[in-house]
Amino acid sequence: MKLTGAEIIWECLLREGVDVVFGYPGGAILPTYDAMTKYPQIHHVLTRHEQGATHMADGYARASGKVGVAIATSGPGATNMVTGIATAMMDSSPIVCITGQVGSRALGTDAFQETDVTGVTLPVTKHNYLVTKTGDIARVIREAFYIAKSGRPGPVLVDITKDAQQMTAEFDWDAVAPKLAGYRPNLRAMPTEYERALELINSAKRPVILAGQGIKLSGATAQVLELADTARIPIAVTLLGLGVVPASSPFNLGMMGMHGEAWVNQAIQQADLLIALGMRFDDRVTGNLKTYAPHAKKIHVEIDPSEVNKNVHVDVPLIGDLREVLEEILPKVRTSDRGEWWAKIAEMKGDSAVRDIQALPDNGHLYAAHVINDLWRATKDRETIVVTDVGQHQMWEAQYYRHEKPRSLITSGGLGTMGFALPAAIGAKFACPDKDVWVVVGDGGFQMTSCELATAEQEGIKVNVAIINNAFLGMVRQWQEFFYEKRYAATPMTGPDFVKLAEAYRLNGLRCDKRAEVNATVKAVLADKRTTVVDFVVEQEDAVFPMVPAGADLDAMIRRPKREILAESGADKEWQMPNGETAAVSELALTGGPSPAATAPTAKRKPAPSSKKKSARVAPARAKAGKSKRR
């Protein structure tokens, strides 16, 4: 049948299973928006900024596992998408961005709203296209979806000139099935590499599994747990890997890296074998590469060959789909006890428990970690997705919210995009309308994309927004505190009354500044049918612990002092450097005045009550009888 280029776009989206798109109209994409009225099966979400559209498509993709779609016009509309596209690229999220372009005869003339968006996005897309002929649109869109979701997922941009949208061509869906010479997303490891990997796994005495989000993308959670159970191997997870192994699993040690658990980093440094599953050894998880896991052989299971040996040299690369690779080796993995290794890890973990802020007595301050942990307790029995922004709150969420399922945490890991959370959460809500969606965001990042509250209101959807408000750009301030002698240059910040801001959008707004009120506040949020914004006014100069300074050894962490030191000193702002010395931080805030949380006098700390040490469970119990064992 003969259709306009604009109609072909919607026909292709419909046949790709798309039911929602996120976009913002403009002149060069107007023919496509006009044709949209003929396709009511696809819901269009009008965003308030094109960056928001790409983040929504990204959040939709991460929550659903399907391809997210964003649409914008040429020039500034297209360039506004770049941050969202780069975010998706760094975190391997499958989105397709369709942009309008000036007419083909005007290309290269600096016409109104002309920008070479394919040139601009070349480094931050898996692939991109400029389409100038109507007859090419169907083929290109089919290829775009195939590329976005195959192999290692990623963003694809399709830039279509206005005249290509307006003219007509024959539409034959079957005739344009993807045929991409040279594109080989499905590679397989060699038999000798499998043999070498099995030899290392079966002979290791101190192995650790490094679990990344490739486990989620491959759907390999069951296989990873079977490997851990059979061979008694502890699991450390990356930030994007949180949820791929249940937090309650006895094999899950916790998060690794710059703000990971101290015992996890120590275990990695003492390991004799690292089994990296769907992770890329980025700088935030390795620390100093020269001293990273110096005694360990390394197996890397990875679908993208370009990631192997890029940052860390590995002894055995296993290229291929993670689930298929594990299914190949599991029958030959021998059972093992590794009791000494588990005992050593239990010993390392014991020291960290007395440093946890959760162990401190309530002194009247509201700490972000308390908010996050109480939020987890109040929502853990509900189907919940948490979407975080970037900064201190992101790390506290990773530490204190225990994720049990894949796709229950959505966050910007690689690019670290402030402003990501709110629009991504809206996308996640469209993907999973029956789940609670919580936004955990700092007061700085929230103000970058708070305009998308209008999108939530117009669409009538409910997302729950928890603003961790410390009146600072918190993570930058922490670096200034630790490494720049507390010169708080350009990090103290003011903001609007977030309660009134929510009400201005005809939404619900609440404020909480006491820990005793957190649970009741969360219950009030869940009871309201509207999108609700909660201003959690927290301690201003709190810090995320532990912390591996940039470029330092992975186990050379800045630590929070033990409970006894904190209780006796009466100061929250005290930490322990890698050399064991403690340093105190002034209680004075540098914001030009006290925060609402600081207006009341601070009660003196009482010594922490003594408690008897409980016997640690050294190693996880084996799976229940009846479960088949691989030998």
Side-chain angles (χ1 to χ4, degrees), residues 21-24 47-63 67-99 101 115-130 144-145 147-149 151-159 212-214 217 238-240 279-285 304 306-307 310-311 387-391 394 409-428 441-442 444-445 448-449 451-452 475-476:
V21 298
F22 308 91
Y24 202 101
T47 66
R48 296 307 183 266
H49 193 283
E50 293 89 351
Q51 179 180 342
T54 53
H55 290 327
M56 289 181 201
D58 190 354
Y60 177 91
R62 298 194 202 204
V67 177
V69 180
I71 302 179
T73 193
S74 63
T79 57
N80 279 346
M81 298 179 110
V82 172
T83 298
I85 293 171
T87 301
M89 182 68 174
M90 289 289 281
D91 290 349
S92 304
S93 184
I95 67 172
V96 170
C97 296
I98 299 173
T99 53
Q101 183 55 276
T115 300
D116 177 13
V117 69
T118 53
V120 170
T121 60
L122 184 63
V124 293
T125 51
K126 190 175 177 184
H127 195 58
N128 65 24
Y129 296 87
L130 171 61
F145 272 79
I147 293 169
K149 62 189 177 183
R152 179 181 179 177
V156 179
L157 180 133
V158 181
D159 195 33
Q213 79 154 343
L217 299 177
T238 66
L239 174 63
L240 293 181
M279 55 85 71
R280 58 187 180 86
F281 290 109
D282 73 277
D283 61 296
R284 285 300 195 259
V285 304
D304 182 358
S306 70
E307 290 294 345
K310 185 177 80 174
N311 297 326
V387 187
T388 81
D389 218 71
V390 172
Q394 179 188 33
L409 170 63
I410 296 173
T411 190
S412 172
L415 196 65
T417 304
M418 291 180 66
F420 170 81
L422 177 59
I426 292 172
V441 61
M448 288 187 170
T449 53
C451 59
E452 300 302 346
M475 187 59 83
V476 185

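Keep in mind that the numbers below use all heavy atoms, side chains included, and drop hydrogens, waters and symmetry copies. Worth saying up front: this structure is predicted, and the values here are computed from it rather than measured. Nothing fancy with the numbering, it's 1 onward along the sequence.
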(request) Evaluate the side chain to side chain contact (heavy atoms under 4.5 Å, CB included) criterion for residues T121 and V82: first the C-alpha distance (whole Å), next the side-chain angles of each, then the deciding distance (0.1 Å), finally the verdict. (result) CA-CA 7 Å; T121 60; V82 172; 4.1 Å; yes

(message) If you define the side chain from C-beta out and look only at heavy atoms, does anything of M279 sit under 4.5 Å from V285?
(response) yes

(request) Look at atom OH of Y129 and say whether more than 12 heavy atoms of other residues, nucleotides or ligands are closer to it than 6.0 Å. (result) yes

(request) Starting from the C-alpha separation in whole Å, work towards a yes-or-no answer on side chain to side chain contact (heavy atoms under 4.5 Å, CB included) for T115 and V120. (result) CA-CA 8 Å; T115 300; V120 170; 4.2 Å; yes

(message) As an exercise, state the distance from CD of E50 to CD1 of I85, rounded to the nearest 0.5 Å.
(response) 11.0 Å

(request) Supply the atom-to-atom distance S93 OG to L240 CG, rounded to the nearest 0.5 angstrom. (result) 10.5 Å

(message) Out of the candidates H49, H55, R48, M448, only one should pair with P423 under the side-chain contact (heavy atoms from CB on, under 4.5 Å) rule; please name it.
(response) H55

(message) Would you say Q101 and D159 are linked by a side-chain donor-acceptor pair, where the criterion is simply a distance under 3.5 Å?
(response) yes

(request) For A61 and G68, work out which heavy atoms get closest and say how close. (result) CB-N, 3.9 Å

(message) Quick check: closest heavy atoms across M418 and G445, and the distance to 0.1 Å?
(response) CE-N, 3.5 Å

(request) Would you name the heavy atoms of N311 and R280 that are closest together and state the gap between them? (result) ND2-O, 3.3 Å

(request) Without swapping roles, check the side chain of D389 against the backbone of G419 for a donor-acceptor pair under 3.5 Å. (result) yes

(request) Heavy atoms only: give me the nearest M90-R152 pair and the separation to one decimal. (result) O-NH2, 4.4 Å

(message) To the closest 0.5 Å, what do you measure between OH (Y24) and CD (Q51)?
(response) 14.0 Å

(message) On a heavy-atom basis, which atom in A78 and which in T99 lie closest, and how many Å separate them?
(response) CB-CG2, 3.9 Å

(request) Indicate yes or no for a side-chain donor-acceptor contact from K126 to the backbone of P94 under 3.5 Å, with no hydrogens or angles considered. (result) no

(request) Using side-chain hydrogen bond (donor to acceptor under 3.5 Å, both in side chains) as the criterion, list what pairs up with T79, not counting sequence neighbours. (result) none

(request) Compare every heavy atom of V387 with every heavy atom of A424, then report the nearest pair and how far apart it is. (result) CB-CG1, 3.8 Å

(request) Please assess R62 against D91 for the test salt bridge (charged side-chain N to carboxylate O under 4.0 Å, His left out), listing each intermediate value before the final yes or no. (result) CA-CA 10 Å; R62 298 194 202 204; D91 290 349; 3.1 Å; yes

(message) Among V158, V117, T118, which residue satisfies the side-chain contact (heavy atoms from CB on, under 4.5 Å) criterion with L130?
(response) T118

(request) Working to the nearest 0.5 Å, report the span between CG of L239 and CD of Q213. (result) 9.5 Å

(request) Could you point out which residue of L415, D58, T83, T54 forms a side-chain contact (heavy atoms from CB on, under 4.5 Å) with F420? (result) D58

(message) Rounded at 0.5 Å granularity, tell me how far OH in Y60 sits from CD1 in I95.
(response) 13.5 Å

(message) With side chain to side chain contact (heavy atoms under 4.5 Å, CB included) as the criterion, how do L409 and T388 come out once you've worked through the C-alpha distance, each side chain's angles and the decisive distance to 0.1 Å?
(response) CA-CA 8 Å; L409 170 63; T388 81; 3.8 Å; yes

(request) Check for a donor-acceptor pair, side chain of Q394 on one end and backbone N or O of S412 on the other, with a separation under 3.5 Å. (result) yes

(request) Could you walk me through whether N128 and V156 pass the side chain to side chain contact (heavy atoms under 4.5 Å, CB included) test, one step at a time? (result) CA-CA 5 Å; N128 65 24; V156 179; 5.6 Å; no

